Colleague: 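My structure is below; once you've seen it, I'll send some questions.
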Amino acid sequence: REARKRQITLEREKKLREARRAAALAAWSQAKNEIEWAEDYEWELSPADAGILSINDNEANLEVDSDWTGDFTLTVRATNMCGDGEWSDNFEGTVFLSPDEFALEGGGSYCLNGEGVEITQDGSQSGISYELFLGGESTGIVVEGTGSAISFGLVTDEGYYTAIASNDNCEYTMQNQVEVTIAYPPLEPATPTGPEIVCAETSTTYESTGIEEADSYVWGLSPEEAGTITGDGLEASVAWNPELSGTAMGSLYGINDCSD
């Protein structure tokens, strides 16, 4: 009996030594293989207020506290009915300040040869740099965070702009992308068509074809005393002056926000 008891004791001690040696392999959440003879695992995070550990046997996920930054360590040991294994070597990590999310604003259209349009951001953090990108390529515009809204200044290149916040270790893409486009003044509409010879004390109608850039149209009559011209989009009616004869000219031009 004594020999049998001693054999069981030695076997348990052997298993415990093996569990202790193997526990060093389970230092971090990437340890996928179960430790031989282990029945459970004990994890330890230091400092404890760095975050919350979600443990699943030989894996652990660290959810870092949003208000905490600095160095931390993780260690793990295997346990079984014979006792606790040795603690593994420390896994050492560092949590850095992660940029908060803000929204990019501004952009829009500006007139050809204009100064451009301003792009802004509705907030920022001190210690964080904000870089402006156009179509995924850096514009070279970098603004340091102030703790308040910031401006990237006036931009003139067309396309979609985004911003990325970063420090020495972390980066984060800001909300939204803003588009910048160039608006052009209207081109010259087609020459109006209509009667070329008219009688005094009559009214005649003229029309033209439109152009894409125009928001509206202005009709003109020269000399003004030749009659009264009333425009409605691409059509105009002229009531001729009965006391005037000679040559008169009608004109039409388109207007938009970029018109002179």
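Note that this is a predicted model, so its numbers are computed, not measured.
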Colleague: Quick one: OG on S208 to CD on E188, what's the gap to the nearest 0.5 Å?
Modeller: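 Output value for this atom pair is 9.5 Å.
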Colleague: Please give me the minimum heavy-atom distance between V142 and S129, naming the atom from each residue.
Modeller: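 The answer is CG1-CB, 4.0 Å.
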Colleague: Give me the atom names and distance for the closest heavy-atom approach of T202 to V198.
Modeller: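 Nearest heavy atoms, T202 then V198: OG1-CB, 4.4 Å.
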Colleague: Applying the side chain to side chain contact (heavy atoms under 4.5 Å, CB included) criterion to D40, which one of I55, T79, D84, N80 satisfies it?
Modeller: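 Looking at I55, T79, D84, N80, the match for D40 under the side chain to side chain contact (heavy atoms under 4.5 Å, CB included) is T79.
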Colleague: What is the distance from atom CG of L221 to atom OG1 of T230, rounded to the nearest 0.5 Å?
Modeller: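 The OG1 atom of T230 is 10.5 Å from CG of L221, to the nearest 0.5 Å.
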Colleague: Please examine the side chains of L234 and E207, heavy atoms only from C-beta on, and report whether any two atoms are closer than 4.5 Å.
Modeller: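 No, their side chains stay 4.5 Å or more apart.
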Colleague: Check the hydrophobic clustering (I, L, V, M, F, W, Y; side-chain heavy atoms under 4.5 Å; chains of links allowed) and say if V238 and V218 are grouped together.
Modeller: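 Unlinked, V238 and V218 end up in two clusters.
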Colleague: Give, for atom CD1 of I128 and atom CG of N167, the distance between the pair rounded to the nearest 0.5 Å.
Modeller: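 The distance works out to 4.5 Å.
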Colleague: Walk me through it: do Y160 and V178 pass the test side chain to side chain contact (heavy atoms under 4.5 Å, CB included)?
Modeller: CA-CA 6 Å; Y160 289 92; V178 297; over 6 Å; no
Colleague: Are any non-hydrogen side-chain atoms of E44 and W87 less than 4.5 angstrom apart?
Modeller: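 Yes, side chains in contact.
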Colleague: Could you tabulate the donor-acceptor pairs under 3.5 Å formed by side-chain atoms of residues 98-114, not counting sequence neighbours?
Modeller:
residue	atom	partner	partner atom	Å
D100	OD2	Q125	NE2	3.3
E101	OE1	Q175	NE2	2.9
S109	OG	T181	OG1	2.5
Y110	OH	T156	O	2.5

Colleague: Can you tell me how far apart CG (L45) and OG1 (T75) are? Round to the nearest 0.5 Å.
Modeller: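 Rounded to the nearest 0.5 Å, the CG-OG1 separation comes to 11.0 Å.
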Colleague: If we only count heavy atoms from C-beta on, is the F96 to T94 side-chain gap below 4.5 Å?
Modeller: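 The answer is yes; the side chains approach within 4.5 Å.
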Colleague: Just list the side-chain donor-acceptor pairs under 3.5 Å for residues 239-254, sequence neighbours left out, or say none.
Modeller:
residue	atom	partner	partner atom	Å
W240	NE1	T204	OG1	3.0
N241	OD1	E243	N	2.9
N241	ND2	E225	O	2.9

Colleague: Do you know which two heavy atoms are closest between D65 and D49, and how far apart they sit?
Modeller: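 Scanning both residues completely, I find the closest heavy atoms to be CB-O, 3.9 Å.
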Colleague: Report, as yes or no, whether the 6.0 Å neighbourhood of atom CD on E224 holds more than 12 heavy atoms from other residues, nucleotides or ligands.
Modeller: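 12 or below, so no.
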Colleague: Treat each ILVMFWY residue as a node, draw an edge where side-chain heavy atoms are under 4.5 Å apart, and state whether Y184 and V180 are in one component.
Modeller: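 Yes, same cluster.
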Colleague: Please check if atom CD1 in I52 has more than 12 non-hydrogen atoms from other residues, nucleotides or ligands closer than 6.0 Å.
Modeller: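 No, CD1 of I52 has 12 or fewer neighbouring heavy atoms, counting only those of other groups under 6.0 Å.
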Colleague: Testing the 3.5 Å rule here: is there a donor-acceptor pair between the side chains of S54 and E63?
Modeller: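 Side-chain D/A pair, S54 to E63: absent.
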Colleague: In a check of salt bridge (Lys or Arg N to Asp or Glu O under 4.0 Å) between R77 and each of E39, E42, E86, which one passes?
Modeller: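 Of the listed residues E39, E42, E86, the salt bridge (Lys or Arg N to Asp or Glu O under 4.0 Å) partner of R77 is E42.
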Colleague: What are the two closest heavy atoms between G153 and S151, and how far apart are they?
Modeller: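 For G153 versus S151, the nearest heavy atoms are N-OG, 3.0 Å.
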Colleague: Could you tell me if the side chain of Y172 sits less than 4.5 Å from the side chain of S166, heavy atoms only?
Modeller: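 SC-SC contact between S166 and Y172 ruled out.
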Colleague: Evaluate T205 against E235 for side chain to side chain donor-acceptor pair (under 3.5 Å), listing each step before the verdict.
Modeller: CA-CA 7 Å; T205 299; E235 288 189 0; over 6 Å; no
Colleague: Report the residues that fulfil salt bridge (Lys or Arg N to Asp or Glu O under 4.0 Å) with E213, sequence neighbours left out, ordered by chain and then residue number.
Modeller: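 Counting only residues at least two positions away or on another chain, E213 forms no salt bridge (Lys or Arg N to Asp or Glu O under 4.0 Å).
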Colleague: What's the spacing between M174 CE and D122 CG if we round to 0.5 Å?
Modeller: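 Taking CE in M174 and CG in D122, the distance rounds to 9.5 Å.
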Colleague: Could you see if I255 belongs to whatever hydrophobic cluster contains I229? Use Ile, Leu, Val, Met, Phe, Trp, Tyr and a side-chain cutoff under 4.5 Å.
Modeller: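 Different clusters: I255 never reaches I229 through Ile, Leu, Val, Met, Phe, Trp or Tyr contacts under 4.5 Å.
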Colleague: Quick one: does Y206's side chain get under 4.5 Å of S237's, heavy atoms only?
Modeller: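 In short, these two side chains do not touch, never coming nearer than 4.5 Å.
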Colleague: Step by step, work out the side chain to side chain donor-acceptor pair (under 3.5 Å) result for E131 and S138.
Modeller: CA-CA 7 Å; E131 187 170 5; S138 175; 2.4 Å; yes
Colleague: Do V95 and F91 belong to the same hydrophobic cluster, where Ile, Leu, Val, Met, Phe, Trp and Tyr are linked whenever their side-chain heavy atoms lie under 4.5 Å apart, directly or via other members?
Modeller: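 Cluster IDs for V95 and F91 match.
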Colleague: Measuring only between side-chain heavy atoms, which start at C-beta, is Y161 closer than 4.5 Å to T139?
Modeller: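 SC-SC contact between Y161 and T139 confirmed.
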Colleague: So which heavy atom on T162 is nearest to which on N176, and how close?
Modeller: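 Minimum heavy-atom separation between T162 and N176: CG2-O, 4.4 Å.
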Colleague: Checking L62 against V64 for the side chain to side chain contact (heavy atoms under 4.5 Å, CB included) test, could you report, in this order, the C-alpha distance in whole Å, the side-chain angles of both residues, the deciding distance, and whether it holds?
Modeller: CA-CA 6 Å; L62 173 59; V64 178; 4.1 Å; yes
Colleague: Taking I164 as the starting point, is it possible to reach F152 by hopping between hydrophobic residues whose side chains are less than 4.5 Å apart?
Modeller: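 As far as the 4.5 Å side-chain criterion goes, I164 and F152 are not connected within one cluster.
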Colleague: Counting heavy atoms not belonging to D168, are there more than 12 under 6.0 Å from its CG?
Modeller: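 Counting neighbours around CG of D168, 12 or fewer heavy atoms of other residues, nucleotides or ligands fall under 6.0 Å, so no.
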Colleague: If you compare all heavy atoms of P47 against all heavy atoms of W68, which two are closest, and at what distance to 0.1 Å?
Modeller: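 Scanning both residues, the minimum pair turns out to be CG-CZ2, 3.5 Å.
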Colleague: To the nearest 0.5 Å, how far apart are CD1 in I211 and CG in N256?
Modeller: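 Rounded to the nearest 0.5 Å, the CD1-CG separation comes out at 8.0 Å.
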